[in-house]
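These notes concern the structure reproduced below.
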There are 2 protein chains.
Amino acid sequence: MAIYSKDELINMVKGAGLRVTDHRLLVLEYLAKVKQPVTVYELVEDLRKKENIDQATVYRNLSSLHEAGLLRRLDFNHGHAHYELETGHASHQLVCNNCETIEKIEGISIDDTVKKMLKKSKKFKHTTTHSMEIYGLCKTCA
Amino acid sequence: MAIYSKDELINMVKGAGLRVTDHRLLVLEYLAKVKQPVTVYELVEDLRKKENIDQATVYRNLSSLHEAGLLRRLDFNHGHAHYELETGHASHQLVCNNCETIEKIEGISIDDTVKKMLKKSKKFKHTTTHSMEIYGLCKTCA
DNA sequence: TGTTTATATGCAAATAGTTCGCACAGTATT
DNA sequence: AATACTGTGCGAACTATTTGCATATAAACA
Ligand SMILES: [Mn+2]
Ligand SMILES: [Mn+2]
Ligand SMILES: [Zn+2]
Ligand SMILES: [Zn+2]
């Protein structure tokens, strides 16, 4: 189910130069299981059902893992952050302007377009990740 | 300099079914002048230099204009919103992971890709806008 | 294995961005 | 001009996120 085993996650944390703590692994294991970008709120709520973990700890781990390049942070104009594992593949999603519905679209690459844009850039020489959001009303809200 | 004249902006406001007020026009005229997505903070600071306008009013106008489809709201994982005029053309930008630098890239369309993605979607039948952010370190921060 | 040192955590309090209630002002409609 | 509805200022409230500090834990080292 999870896209990475616990051992793989541990090695990713070590490779990032971060300490392997129970809480940090909990966060990573959670993100390795979900299929959609998850909010901090959801993460905290769910993790607290099984473990005693403070929200400050969750925030700090999300930040350290994100800085280390292991997570991607997404914002859909919801006023709060969403996180997902950094997979190496770009992140593309359809976002409803009315409800919180998000649909992840996979299998379509825009790397060529990204390269073209980078070539046009004056301020950037290379980039690491990219994301794309397509906004509209979902079938339910339409 | 501005991409719309005052009269055009007035007509856009009327067409949106909103009242034409001095404050609402100030916000729109400001956005018609700048070349980059602007933060609420910048907007409030700059407008206050010339006019007495409350930040609640700015927020409310940004919301109403955005809901009316006249503005686009962008978030670059900065923890605050950025706004720009909705031009009909998509919005693509390079975003520095370290500083607040943003570079707008124009002239490259990804409409075909958007169509492909929409075709793959199960939850959306059609969409209205899309945006794309390419993240990395700018030359200065690299 | 025990000791040391840097990093991580819990808790509470602070901060930042944004929204809201309410009284009053302005816009558009008649 | 009278009316009805929308917009505005001001302060307070609210939500998401960050921070200070004391304590706990992980990794490094003796
Ligand atoms: Mn959300
Ligand atoms: Mn910003
Ligand atoms: Zn919806
Ligand atoms: Zn930079």
Side-chain angles (χ1 to χ4, degrees), chain A residues 6-7 9-30 37-68 70-71 73-83 100, chain B residues 6-7 9-30 37-68 70-71 73-83 100:
Chain A
K6 185 161 185 172
D7 281 352
L9 294 174
I10 289 176
N11 285 331
M12 287 160 68
V13 172
K14 285 182 180 167
L18 294 170
R19 292 190 175 177
V20 180
T21 69
D22 291 351
H23 290 346
R24 183 163 282 150
L25 278 181
L26 277 177
V27 169
L28 267 182
E29 289 183 287
Y30 186 96
V38 70
T39 64
V40 181
Y41 182 82
E42 293 166 336
L43 200 36
V44 170
E45 283 298 293
D46 278 4
L47 291 182
R48 275 201 170 149
K49 286 175 185 164
K50 307 219 161 183
E51 305 280 336
N52 184 29
I53 184 169
D54 192 76
Q55 72 171 26
T57 301
V58 174
Y59 273 105
R60 285 190 271 229
N61 275 317
L62 289 170
S63 292
S64 58
L65 293 168
H66 179 247
E67 272 183 51
L70 270 57
L71 303 186
R73 190 195 318 197
L74 298 164
D75 214 280
F76 305 115
N77 291 327
H78 286 178
H80 51 246
H82 307 71
Y83 288 87
E100 294 259 313
Chain B
K6 185 160 184 172
D7 281 352
L9 294 174
I10 289 176
N11 285 331
M12 289 160 67
V13 172
K14 284 182 181 166
L18 295 170
R19 292 189 176 177
V20 179
T21 69
D22 292 350
H23 291 345
R24 183 163 281 150
L25 278 181
L26 277 178
V27 170
L28 267 182
E29 289 183 286
Y30 186 96
V38 71
T39 64
V40 180
Y41 182 83
E42 293 166 336
L43 201 34
V44 171
E45 284 298 292
D46 278 4
L47 291 183
R48 275 200 170 152
K49 286 175 185 164
K50 307 219 162 185
E51 304 281 336
N52 184 30
I53 184 169
D54 192 77
Q55 71 171 28
T57 302
V58 175
Y59 273 105
R60 284 189 273 230
N61 275 318
L62 289 170
S63 292
S64 58
L65 293 168
H66 179 247
E67 271 182 53
L70 270 56
L71 303 186
R73 190 194 320 196
L74 298 164
D75 214 279
F76 304 115
N77 291 327
H78 286 179
H80 50 246
H82 307 71
Y83 288 88
E100 295 259 313

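Here is the naming used below: chain letters follow the sequence lines, and residue numbers restart at 1 for every chain.
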Search all heavy atoms of A:Asp75 against all heavy atoms of A:His82 and return the closest pair with its distance.
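Closest approach of A:Asp75 to A:His82: CA-ND1, 4.3 Å.
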What pair of heavy atoms forms the shortest contact from B:Leu18 to B:Ala68, and how long is it?
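Closest pair (atom of B:Leu18, atom of B:Ala68, distance): CD1-CB, 4.2 Å.
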Among the nucleotides C:dT19, C:dT18, C:dC20, which one has an atom lying closest to any side-chain atom of B:Ala81?
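So the side chain of B:Ala81 is nearest to C:dT18.
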Under 3.5 Å, side chain of B:Asn77 to main-chain N/O of A:Arg73, donor-acceptor pair present?
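Between the backbone of A:Arg73 and the side chain of B:Asn77 there is a qualifying donor-acceptor contact (under 3.5 Å).
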Hey, is the side chain of [X] poking within less than 4.0 Å of OP1 or OP2 on [N], counting only N and O atoms?
X: A:Thr57; N: C:dG10; value: yes
X: A:His23; N: C:dG10; value: yes
X: A:Tyr59; N: D:dT17; value: yes
X: B:Arg24; N: D:dG7; value: yes

Run the numbers on B:Glu29 and B:Leu9 for side chain to side chain contact (heavy atoms under 4.5 Å, CB included), then give the verdict.
CA-CA 8 Å; B:Glu29 289 183 286; B:Leu9 294 174; 3.7 Å; yes
Nearest-Å distance for atom pair [atom1]/[atom2], residues [X] and [N]:
X: B:Ile10; N: C:dT27; atom1: CD1; atom2: C1'; result: 13 Å
X: B:His80; N: D:dT18; atom1: NE2; atom2: P; result: 13 Å
X: A:Gln55; N: C:dC11; atom1: CD; atom2: P; result: 11 Å
X: B:Glu67; N: C:dT18; atom1: CD; atom2: P; result: 16 Å
X: B:Glu51; N: D:dG9; atom1: CD; atom2: C1'; result: 15 Å
X: A:Asp54; N: D:dT18; atom1: CG; atom2: C1'; result: 12 Å
X: A:Phe76; N: D:dA16; atom1: CZ; atom2: P; result: 16 Å
X: A:His82; N: D:dT15; atom1: NE2; atom2: P; result: 17 Å

Every protein N/O within reach of nucleotides 27-30 of chain D N/O, cut-off under 3.5 Å:
residue : atom : partner : partner atom : Å
D:dA27  : OP1  : A:Val20 : N            : 2.8

Using the closest heavy atom to pick a nucleotide of DNA chain C for each, name whichever of A:Ala56 or B:Asp75 lands nearer the 5' end.
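Of the two residues, A:Ala56 wins.
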Let me spell it out: for each of B:Arg60 and B:His78, pick the nucleotide of DNA chain C with the closest heavy atom. Which residue's pick is nearer the 5' end?
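Its nearest nucleotide being more 5', the pick is B:His78.
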If you look at every strand shown and take non-hydrogen atoms under 4.0 Å, does B:Asn61 touch a base, only sugar-phosphate, or nothing?
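Sugar-phosphate, no base atom in range.
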Just checking A:Asp22: base, sugar-phosphate only, or nothing, at a heavy-atom cut-off of under 4.0 Å?
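Nothing, no heavy atom under 4.0 Å.
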Can you list the steps and then say if B:Leu28 with B:Asn61 is a side chain to side chain contact (heavy atoms under 4.5 Å, CB included)?
CA-CA 9 Å; B:Leu28 267 182; B:Asn61 275 318; over 6 Å; no
Any side chain to side chain donor-acceptor pair (under 3.5 Å) involving residues 41-50 of chain B? Give me the pairs, sequence neighbours left out, ordered by first then second residue.
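Every side chain to side chain donor-acceptor pair (under 3.5 Å) pair that includes a residue of residues 41-50 of chain B, provided the two are not neighbours, is B:Tyr30-B:Asp46, B:Thr39-B:Glu42, B:Asp46-B:Lys49.
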Under 30°, 30 to 60°, or over 60°: which ring-plane class applies to B:His78 and B:His80, parallel, tilted or perpendicular?
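Taking B:His80 first and then B:His78, their aromatic rings stand perpendicular (interplane angle over 60°).
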